[in-house]
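Sequence lines set the chain letters: A, B, ... in the order given, protein chains first and strands last, and positions in each chain run from 1. Note that these values count all heavy atoms, side chains included, but never hydrogens, waters or copies made by symmetry.
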There are 4 protein chains.
Amino acid sequence: MSPRSRQVNDAIRAESRARILEHALEQFAANGYDRTTIRAIAKSAGISQGLIYNYFASKDALLRAIFEQSMQDVQESFQRAEEAPPGQRTVALVRAAFELLERNQRFWRLSYGVRMQAPVLSDLGDGLQRWTETITRTLRGYLQEDGFDEPKLEARVLFALIDGVAQHYVLDPAGYPLEEVVERIVSWYATSGHS
Amino acid sequence: MSPRSRQVNDAIRAESRARILEHALEQFAANGYDRTTIRAIAKSAGISQGLIYNYFASKDALLRAIFEQSMQDVQESFQRAEEAPPGQRTVALVRAAFELLERNQRFWRLSYGVRMQAPVLSDLGDGLQRWTETITRTLRGYLQEDGFDEPKLEARVLFALIDGVAQHYVLDPAGYPLEEVVERIVSWYATSGHS
Amino acid sequence: MSPRSRQVNDAIRAESRARILEHALEQFAANGYDRTTIRAIAKSAGISQGLIYNYFASKDALLRAIFEQSMQDVQESFQRAEEAPPGQRTVALVRAAFELLERNQRFWRLSYGVRMQAPVLSDLGDGLQRWTETITRTLRGYLQEDGFDEPKLEARVLFALIDGVAQHYVLDPAGYPLEEVVERIVSWYATSGHS
Amino acid sequence: MSPRSRQVNDAIRAESRARILEHALEQFAANGYDRTTIRAIAKSAGISQGLIYNYFASKDALLRAIFEQSMQDVQESFQRAEEAPPGQRTVALVRAAFELLERNQRFWRLSYGVRMQAPVLSDLGDGLQRWTETITRTLRGYLQEDGFDEPKLEARVLFALIDGVAQHYVLDPAGYPLEEVVERIVSWYATSGHS
DNA sequence: GATGAATGAGTATTCATTCAT
DNA sequence: AATGAATGAATACTCATTCAT
C-alpha cells in the first residue's frame, strides 16, 4: 500500500548500482570498452538495458564511475604505504601496488586496454593523467628519502617497471610468476642508497 | 587503351598497398583500432573506401598486415643485435628495442592500444603471443650468456621494464627523457654478471 | 491509521487530477505533445511518474482530458454569446472567441500544435472535427440572422480569419496587437447586412 | 570496368536525393515530423535506412532541406506577383498564395504541423520567422499602394485570413470550397482603397 | 493515494562491406 | 585498378508503461 520506504529504496539502488558496475567491469575487462555493448552488460547482469541508464547517464559515464571507484581504492592503499617507516616506503609502495593489482585484476586490465585511447575517451584522459603524475611524484619522494642519486629518473624507471610487470601479469595471470618477480624487484630496492 | 603491362600494374599495386598501410597505421595509432573507420583511412589516403577492399579482405586483415610488416622489421633489428660480441648482447638488444621504438612510434602506440584485446581481435592474439615468447626467450639466452643467476626471472623483469618504458614514452613522446632512461637501464645491464 | 473519509479522499483526488492537467498543459504547450515526456510532466507537477497513471490511462488519455476540459469552457463561453441581442451576435461571438484565446493561451497553442496530427492521435480527431463543425454552424446561423448574403461561405471566411489571428497571436503573444486587430474585425462585422 | 562517370553519378545522386525528399515530405505531412520514423521514410522510398544518411546528415537536416526547397518555390511565385500592375498586386499575391497551396498541399500541411514547435526544432525557427516577416512586409507594401488606411494592421488581418483558410483547406482538401472562398476574399480586396 | 525501480519495444544513427560500372 | 552508391546489421539511448510496496 504505502510506497517503499526511503531506506529500502536506497538499498535497492545501491545493490543495482553495484551489480551494474560489477558486470560492466567484467565485460569491459574481457572485451575492451569499445567492443562491450550495453546489451552485453545488461544480459550479464540479468537486467534490462534501460535500467543501466537509470543509474548511469551513458556508457561513458559508466566507465568513469568504474574508474572513480577503483581510484579511491588505490588512494587508500597508497596512503597505508605512507605509514611505513622511512627507508622502507619505496618497498611498501611497490608491494601495495602489486597487492592492488592482484585484488583487482579486471580493473587493471580495463585500465591498460583504455590507456592509449585516453585522449579520445571524453573526460577520462584527465583522470589517468593525474593519477600517473601522482604516482611518479610519490615515488620520487620515497626514492629521495631512501638516498637514491637521481630520484626523478629513478622514479621513472621504477614506475615503468611496475607498469610493465603489471601488464604482463594481467595478460596471463595464471601463468605469471608474480610473487617471484615482485621479490626480485623488492630485493633490489630494499638495500637502500644504491648507486 | 592497351592493357597496362604486368610490371606497371605491380608497381601501382605495391604503391597503393603501401599507401593504405601507412594511413591505416596513422589512423589506428591516433584513434585506436575500434574508433578508426574505413572511411577515415580512405579519406586520409585520398582514395575510395572500396579500394581498400581490393587490397585487404577486411579491417581486421588490414590490422594484421600492419603487424606482419612491423614484426618483420623487429626481427631484422633483433638479428643485428645477435651479431654483437658475447657479453654485450643484452645491452645491444635493449638499444635495438628502443631504436625500433623511436623509429616507429605509431606502430607501438597501436600495438599497446590493442594488446589487451588480443584474444578478441581475431587471429591477432597468436602473433602477439609468439612475439612475446620470442623476445623473452632471446633475452633469457643473452642474460644467461652474461652470467646472470636466474636468467629466466631476470628476462621477465627486463622485458617488463622495456615494455613499461616504451609505453610511457609512447604516451608522451615529446616530454619523455627516453635517452636518459635508456642509459640508466643500459648502465645497469652493462656490468655483467651481477647477482 | 483510520481510513481517510470518502470526502477527504475525493478532495485529494480532485486536487491531484487538476494539478496533473495543469502541468501537462504547460508542458504540452511549451514543447509540443510528442516532445513532452511523462517524466517532465511529473517533475513539473512535483509528483511521481506512476501517479499520473493513477488518474489517466495513458499519455493520450491525458491529452484527451485536457481537450475535454477546455472544450467545456468554450461551450459555456459561446452560450453566453447567444444571449446577445439579434444583430449583435456575430460580434459577440467574435469577442468571446478572443477572450477565450487570451484567457487560455496555452491550450490554444497546444491545440494548434496538434491539429494537423489529429487523425493520427487516437480519438482526438473526432473531438476537433466536431468542434470545428459546431463553430461553423453557429457562425453561419448568426451571419444569416445578421443579413449576410452567403452565410455559409461567409462563415468559412470568418472562422478562418479568427483561427488565423489566434494562431499568429499565440506564436508571439507579447508582440501581437490583438486588441487592434480584433477591433478591426469587429468593426467590419458590426455594420450588419453588408453585401 | 572503369568507375561510373561523374555525370552518371551525379544523375544517380540527384534522383536518390529527390526520391528521399519526396517520400520524407509524404510521411512528414501524413504523420507529423516527430511521429515519422526514418525507417518509414526508407520503406516508403524503397531504399535502406542507411542511404538516407548518405544524403542528409540527420532527420532534422532532412526537414530543413524540405523547407529550403519549398521556400525557394514560394519566393519565385511571389516574385511573379510583383509583376502585376499597381493596384492589383494585393490580389495577385493572394492568388499566388493559394496556387502555391494547391500545388504543394503536403508541404503546407507539414509546415502548419511543425509551426508551433519551431523554437524547439533546431534551426528551423529562424526560417519560419523570417518567412513570416517577409510576407507581412510585402503585404503591407501592396496594401499601402492600394490605398488602404492602415496598411500595417490590414496586412496582419489579411495574412491571418490567408493562413486560416490555408489551414482549413489543408485539413480537408476534398471537402473545402477553396475556389469560392478565394473569390470572396479577392472580391473584397479587388475594389481598392476601402476604408 | 503514492512511489520509483524496472521493463522492453522503439529510434536515430553508424559503419564495415558489397558490387555495378 | 578504381569508384562510390547502396546495404543491413548493429549500437547507444529514450520513454511510455507496469507493479510491488
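The distance from atom CD of B/Gln27 to atom C1' of E/dC15 is 15 Å, rounded to the nearest whole Å. Going from atom NZ of D/Lys59 over to atom C1' of E/dT13 covers 12 Å, rounded to whole Å. Computed from coordinates, the B/Asp34 CG to F/dA10 C1' distance equals 14 Å when rounded to whole Å. Rounding to whole angstrom units, CZ of residue C/Arg39 and C1' of E/dT3 are separated by 14 Å. Atom P of nucleotide E/dG1 and atom CD of C/Glu15 are separated by 13 Å, given to the nearest angstrom. Taking atom NZ of residue C/Lys43 and atom C1' of nucleotide F/dC15, one finds them 15 Å apart after rounding to whole Å. Look at CG on C/Asp60: it is 17 Å from P on F/dC15, rounded to the nearest Å. Spacing between atom CZ of C/Arg6 and atom P of E/dG1 amounts to 11 Å, rounded to whole angstrom units.
B/Asp34 pairs by the side chain to side chain contact (heavy atoms under 4.5 Å, CB included) definition with A/Asp34, A/Arg35, B/Gln117, not counting sequence neighbours. D/Arg13 is linked by a side-chain hydrogen bond (donor to acceptor under 3.5 Å, both in side chains) to nothing, counting only residues two or more places apart in sequence or in another chain.
In this structure the side chain of C/Arg106 never reaches within 4.5 angstrom of the side chain of C/Gln27, judged on heavy atoms. Taking the side chain as every heavy atom from C-beta outward, D/Ser16 and D/Asn54 never approach each other to under 4.5 Å. With contacts defined as side-chain heavy-atom distances shorter than 4.5 Å, the pair C/Trp108/C/Ser70 does not qualify. You'll find the side chain of C/Arg115 reaches within 4.5 Å of the side chain of C/Tyr112, heavy atoms only. For the pair D/Leu21 and D/Phe56, the minimum side-chain heavy-atom distance is below 4.5 Å. Between D/Asp60 and D/Tyr33, some side-chain heavy-atom pair lies under the 4.5 Å cut-off.
OP1 or OP2 of E/dA5 lies within a sub-4.0 Å distance of a side-chain N or O belonging to A/Arg13. For the OP1/OP2 pair of F/dT3 and a distance below 4.0 Å, the side-chain nitrogens and oxygens of B/Tyr53 include no atom meeting the criterion. Taking 4.0 angstrom as the limit, D/Ser5 places none of its side-chain polar atoms (N or O) nearer than this to OP1 or OP2 of E/dT21. Note on D/Ser16: every side-chain N or O is 4.0 Å or more away from OP1 and OP2 of F/dA5.
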For a quick test of your reading: what N or O donor-acceptor pairs under 3.5 Å do the side chains of residues 38-52 of chain B make, sequence neighbours left out?
unit_1: B/Ser44; atom_1: OG; unit_2: B/His23; atom_2: ND1; d: 2.7
unit_1: B/Ser48; atom_1: OG; unit_2: B/Leu51; atom_2: N; d: 3.3

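A/Phe107 and A/Phe28 have their aromatic ring centers separated by at least 6.0 angstrom.
In this structure, B/Phe56 reaches neither bases nor backbone, as no heavy-atom distance under 4.0 Å exists between it and the strands shown.
In terms of heavy atoms, D/Leu128 sits closest to D/Ala118 at CD1-CB, 4.1 Å.
Listed by residue number, there are no residues of residues 17-24 of chain C with a heavy-atom contact under 4.0 Å to DNA chain E.
Heavy-atom distances to DNA chain F give each of A/Arg4 and A/Tyr33 a nearest nucleotide, and the one nearer the 5′ end belongs to A/Tyr33. When the nearest nucleotides of DNA chain E are assigned to D/Arg35 and B/Ile38 by heavy-atom distance, the more 5′-ward of the two goes with D/Arg35.
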Could you go through nucleotides 7-10 of chain E and list every protein N or O atom that sits under 3.5 Å from one of its N or O atoms, giving the distance for each pair?
unit_1: E/dT7; atom_1: OP2; unit_2: A/Ser48; atom_2: N; d: 3.0
unit_1: E/dT7; atom_1: OP2; unit_2: A/Ser48; atom_2: OG; d: 3.1

> Reading DNA chain F 5' to 3', how would its secondary structure be written in dot-bracket notation, given Watson-Crick and G-U pairs with both distances under 3.5 Å, brackets [ ] for crossing pairs and | for partners on other strands?
Replying inline: .||||||||||||||||||||
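The D/Ser58 side chain lies nearest to E/dT13 when the options are E/dT13, E/dT17, F/dA1.
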>> Between C/Glu26 and C/Arg109, is the salt bridge (charged side-chain N to carboxylate O under 4.0 Å, His left out) condition met? List the steps.
In response: CA-CA 10 Å; C/Glu26 181 179 315; C/Arg109 190 178 168 93; over 6 Å; no
